[in-house]
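Quick notes on the structure that follows.
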Amino acid sequence: MKGYKYSLHCRSVVIVFIMVASELPFEITRRIADFLQPRDKIQCCFVCKAWLPAIQESLLETIVINDYGKFAKSVGLSGSTSNFLQRYGHSSRKLHIGQYAQIFGEELLALQRCLPHIQYFKWSTANIDEYTFIDHSGWKLWEFLTDLEVKVWVYVPHTAPSLFYSLFSKIRPLRRLEFKYMFNTGLYKHTVGEFDALNNSLPELTRMALGAQLLSITLHELSMIKNVKPLQCLKSLEVNLINSTYEWLYYIAIKFPNISILKTIIFASNTASEQSLEVAKMFARIPYPFQQLEEINVRVELGSEQIFIDFVKQLYLFKAPIKTLCLSLGGSVQMSAFSRDVFESRNIFSSTLEKVTIKASSLTLIFWAYTDNLEHFPHLVDLNIQVEDSTSEIDILLDRCPSLKTFRFDSGTLRRRLFDRVTSEFSTNHGLRELTLTSTHIVTDTLNYISHRCKKLKSMFLENVYVAKPKSEDTKTNCIDMSSTSFIHLSIGSVMFVDPSTKNIINIFALSSTMNPIGNTWVYCVPDVECRTRREPKGWIIGGEEAKYVEDFFRNFSEIVEKEYTEEQLYKDEYARMVPSWKDNLNNGYAMFKYGSLINLNIIS
C-alpha cells in the first residue's frame, strides 16, 4: 500500500514520518470521500477494506430513487433486520424521489425508518391522497428536515394540500420550502390569517415558494396587518399576488422586513380602489420598507399600467436596491403610451440593476425599441429581451451598458442606429461574452460590428435567425464576417442567409477560420418550417464524400441551375425520404461564415 510522506522541520532537525493510507482515521477518509464522484466511490470500495465503512457512508449521503421496486430489492428493503440501509442509512442526508417513482405512505414510512436523519427531501411527482398516503400508514415528514421540495402530480382538491401543509408546518427547523403543482395552477388558496399562521409556524424559513394564490384582503384584515409579528429570517418569497396586490405588498413589507426576492407580483386591476389608495398612504408610515429587496418578478395586465408605475416610483422613494428585474406584459396588449412607460420603468433603477428580463407577446406595436430613452446602466451584466416584433440598436445598447456580459434577444430585429454608423466604428471595445439570438432579423454589417467591438465574445447561439446583406452592398459575395472573434462555443440551427437583390434564401454555409484556414466546414441549416413538418433537426454538418461533392459543386458554380426535383415531389414522403434535403438547395448558392477561431461547434437538434 502506497504511503503518504510528511516532513516536520524543527530548527535544523528534520523529522520524517510515513502514514499508510489504510491507517488514515475514519473522519479523514470520510472527508476525502466527499470530494469523489459516486462512480469513483464504488471503485474505492474494492481497493481497501479499511476504507469501506467511510466510503459506504459517504456513498449513501444522497439517495435518488427513480424506481422504488428496484431500489427496495437492491438494498434489501423487504423487512430484513440487517439490510444495507439499516446499517448505513443513518448517514443519509438527502433523499430525491424521481419523476417516475410511485411511492405512497407505507413506502415512505419504511424509508423513514431506515433513513432517520434526512435533511433534504425532494419529491418530483407527488401523489397526495389522504386515504392511500398519509392517514393509512401514519407517515409524517422527517423532523430534522431543513429543505423540502415537492411538485404535486395528483391531489384531492381542498383536502390534500391542507393535509400536507399541516405536516410541514410542524417542522420548525425548515429553512427552504417549495410546494408546487406540476401544471402551475393555484394548488391552494390562503386568506391573510391562514398565510400568517403558516409563516409563524416556520420561524427559521429563509425561502418559500408556494403554488398558492393569496385571496383578497378585506378592510378589517387590512387594519390588523400592522399588528402581525415580523419574521426576520425569510429572504425569498414566491407566490401569486394577483388579488389585492397592493395590500399584500403592505403585509409583506411588515411581515418580512429583510425580504430580498419577491415573485410573482401581478397587477391586474384596471383602476386603483379607495382601499389601495389608503394602502399607499400606509406604506409611507412604515420606516424604511423593502430596504433589502434586490429581485422582483412582475407581470402587468392590460389596464393596470399606471398602478404598476406608481408602485415602482414608490419603491424608488423607499430606496429599494433592485438588482434583478423580470418584467412582462400579460395577455394581448395594444402598445400605448402607458405600455411604453411600463417598459421604460427599468430606467428608475438604472443605477442598481444587474440583470433585466423584458417579456411581451401578441403585441400590436406602433414602434418600440428597447434602446429608446435608454439611460446609462453602469452595473447591468445580463439582459434578456423577449418582446415580439421589437427592435434594438446594438451600438446604443453597448454604449449605455458598459458592463454587459450576457445578451439574449428574441423575436425582433437587431440593428445599428443609422446615424451612429460612422462614429460607432471608433467606439471603445466592449466586454460582451455571450450572445443569443432567436427568431431574429439581422444584417451582416451588424454581426461584423459586434465582432469588431466585442473582442471578448466567446459564446454565440443562433436559432431561427435571418441574416441579410445590406441593400447598399453591391458585392456578389455572401459573407458573415466575424473574423475578429475567437469562439469557444458556437451553436447554430435554422439560420437563413437572405440576398435582397435576388431574394434567394441560402441555407448552406461554409464555416472557415481566418487564423487557421485549413478548409471549410460545410453546414446545412434546415428551415424552421421543415423542422416542424418533417420533424428534422435544425441542421447538420455535411461531411465525408458529401462535403467533397459540395466543394466540387461550388468550385464550378457559375449560374442558377435547374432543380433536380420539383417542389411538389419534394413534399411527397417518398421523395423526402430519398433525397438529401441539402442537395436540392445547392442552386441557391452558399454563404461564408468567417470567424477567428472556434473550439466547439454545436448544430442545434
Side-chain angles (χ1 to χ4, degrees), residues 145-149 165 168-180 186-218 221-267 276 278-299 308 311-312 314-326 349 352:
L145 275 182
T146 58
D147 290 73
L148 175 62
E149 183 177 340
Y165 278 14
F168 64 63
S169 64
K170 298 174 183 177
I171 310 173
R172 296 186 70 82
L174 200 62
R175 295 182 179 179
R176 180 179 174 275
L177 170 63
E178 184 172 328
F179 185 58
K180 295 182 177 180
L187 183 62
Y188 198 50
K189 296 183 179 180
H190 284 292
T191 63
V192 67
E194 293 169 339
F195 189 63
D196 193 58
L198 175 63
N199 285 296
N200 290 335
S201 66
L202 301 169
E204 296 185 27
L205 204 64
T206 60
R207 181 182 184 275
M208 176 187 286
L210 296 180
Q213 183 176 327
L214 303 183
L215 298 174
S216 298
I217 296 178
T218 64
E221 290 172 330
L222 181 63
S223 65
M224 301 300 292
I225 287 178
K226 60 183 179 181
N227 299 320
V228 300
K229 178 184 176 182
L231 294 178
Q232 305 292 333
C233 292
L234 194 77
K235 306 287 186 180
S236 175
L237 176 63
E238 183 178 349
V239 67
N240 284 334
L241 297 178
I242 190 170
N243 301 300
S244 302
T245 303
Y246 237 129
E247 290 84 337
W248 276 108
L249 288 169
Y250 174 66
Y251 167 84
I252 291 169
I254 294 179
K255 187 68 177 179
F256 311 118
N258 296 320
I259 191 79
S260 61
I261 301 175
L262 187 53
K263 308 174 183 180
T264 301
I265 310 170
I266 303 172
F267 289 88
S276 297
E278 180 62 28
V279 174
K281 298 177 183 177
M282 296 168 70
F283 257 120
R285 303 187 193 110
I286 305 176
Y288 309 110
F290 296 126
Q291 289 301 290
Q292 308 296 324
L293 187 61
E294 295 183 350
E295 179 178 346
I296 55 174
N297 187 319
V298 185
R299 190 171 86 232
F308 161 74
F311 169 69
V312 170
Q314 202 160 27
L315 281 181
Y316 177 74
L317 293 175
F318 295 154
K319 296 184 178 180
I322 305 298
K323 295 181 179 180
T324 301
L325 170 65
C326 181
F349 305 110
T352 58

Could you tell me whether the side chain of N297 reaches within less than 4.5 Å of the side chain of L262, counting heavy atoms only? no
Would you say that L231 contacts L205 through its side chain, given a criterion of any heavy-atom pair below 4.5 Å between the two side chains? no
Non-hydrogen side-chain atoms of I259 and L237 separated by less than 4.5 Å: yes
Quick one: do L202 and L177 satisfy side-chain contact (heavy atoms from CB on, under 4.5 Å)? Show the steps, please. CA-CA 10 Å; L202 301 169; L177 170 63; 4.2 Å; yes
The reported gap from CZ in R175 to CE in M208 (rounded to nearest 0.5 angstrom) is 15.0 Å
Should I266 and V298 count as side-chain neighbours, where that means a heavy-atom distance under 4.5 Å? no
Whether S260 side chain and K235 backbone form a donor-acceptor pair below 3.5 Å: yes
Under a plain distance cut-off of 3.5 Å, with no hydrogens placed, do Q232 and N258 share a side-chain donor-acceptor pair? yes
Parallel, tilted or perpendicular: rings of F256 and Y251 (30°, 60°): perpendicular
Heavy-atom check, side chain of E238 versus side chain of L210, under 4.5 Å: no
Residue pair L214 / L241, side-chain heavy-atom distance below 4.5 Å: yes
Measuring from atom NE2 of H190 to atom CG of N199, what distance do you get when rounded to the nearest 0.5 angstrom? 8.5 Å
Do other residues, nucleotides or ligands put more than 12 heavy atoms under 6.0 Å from the CZ atom of R176? yes
Could you give the distance from CG (L315) to CG (L293), rounded to the nearest 0.5 Å? 6.5 Å
Does R207 reach the side chain of E178, with side-chain heavy atoms less than 4.5 Å apart? yes
Is a salt bridge present between K180 and E149, judged by a nitrogen-to-oxygen distance below 4.0 Å? no
Please tell me whether Y246 and E278 have a donor and an acceptor in their side chains that are separated by less than 3.5 angstrom. no
Short question: side chain of T352, backbone of K323 - any donor-acceptor pair under 3.5 Å? no
Test your reading of the model: is there a side-chain donor-acceptor pair from T206 to the backbone of L234, 3.5 Å cut-off? no
Evaluate the side-chain proximity of N200 to L198: yes if any heavy-atom separation is below 4.5 Å, no if none is. no
Parallel, tilted or perpendicular, as decided by the 30° and 60° cut-offs, for the rings of F195 and W248: perpendicular
Rounded to the nearest 0.5 Å, what separation is found between the CG atom of L222 and the OG1 atom of T218? 8.0 Å
If you take all heavy atoms of I254 and V228, which pair is closest and at what distance? CG2-CG2, 3.7 Å
Considering only NZ, NE, NH1 and NH2 on the basic side and carboxylate oxygens on the acidic side, decide whether K255 and D196 come within less than 4.0 Å. yes
Is the ring pair Y250/F283 parallel, tilted or perpendicular, if the boundaries are 30 and 60 degrees? perpendicular
What are the two closest heavy atoms between P203 and R172, and how far apart are they? CG-NH2, 3.3 Å
Full working for ring-ring contact (aromatic ring centres under 6.0 Å, His included) between F349 and Y316: CA-CA 7 Å; F349 305 110; Y316 177 74; 7.0 Å; no
Would you sort out whether I296 and L325 count as a side-chain contact (heavy atoms from CB on, under 4.5 Å), showing the intermediate values? CA-CA 5 Å; I296 55 174; L325 170 65; 3.8 Å; yes
Could you grab the distance from atom CD of E295 to atom OG1 of T324, nearest 0.5 Å is fine? 4.5 Å
Rounding to 0.5 Å, atoms CG (L215) and CD1 (I242) come to a distance of 11.5 Å
Do side-chain atoms of Q291 reach the backbone of P289 as a donor and acceptor pair under 3.5 angstrom? yes
Can you check whether F267 and F311 have ring centres sitting under 6.0 Å from each other? yes
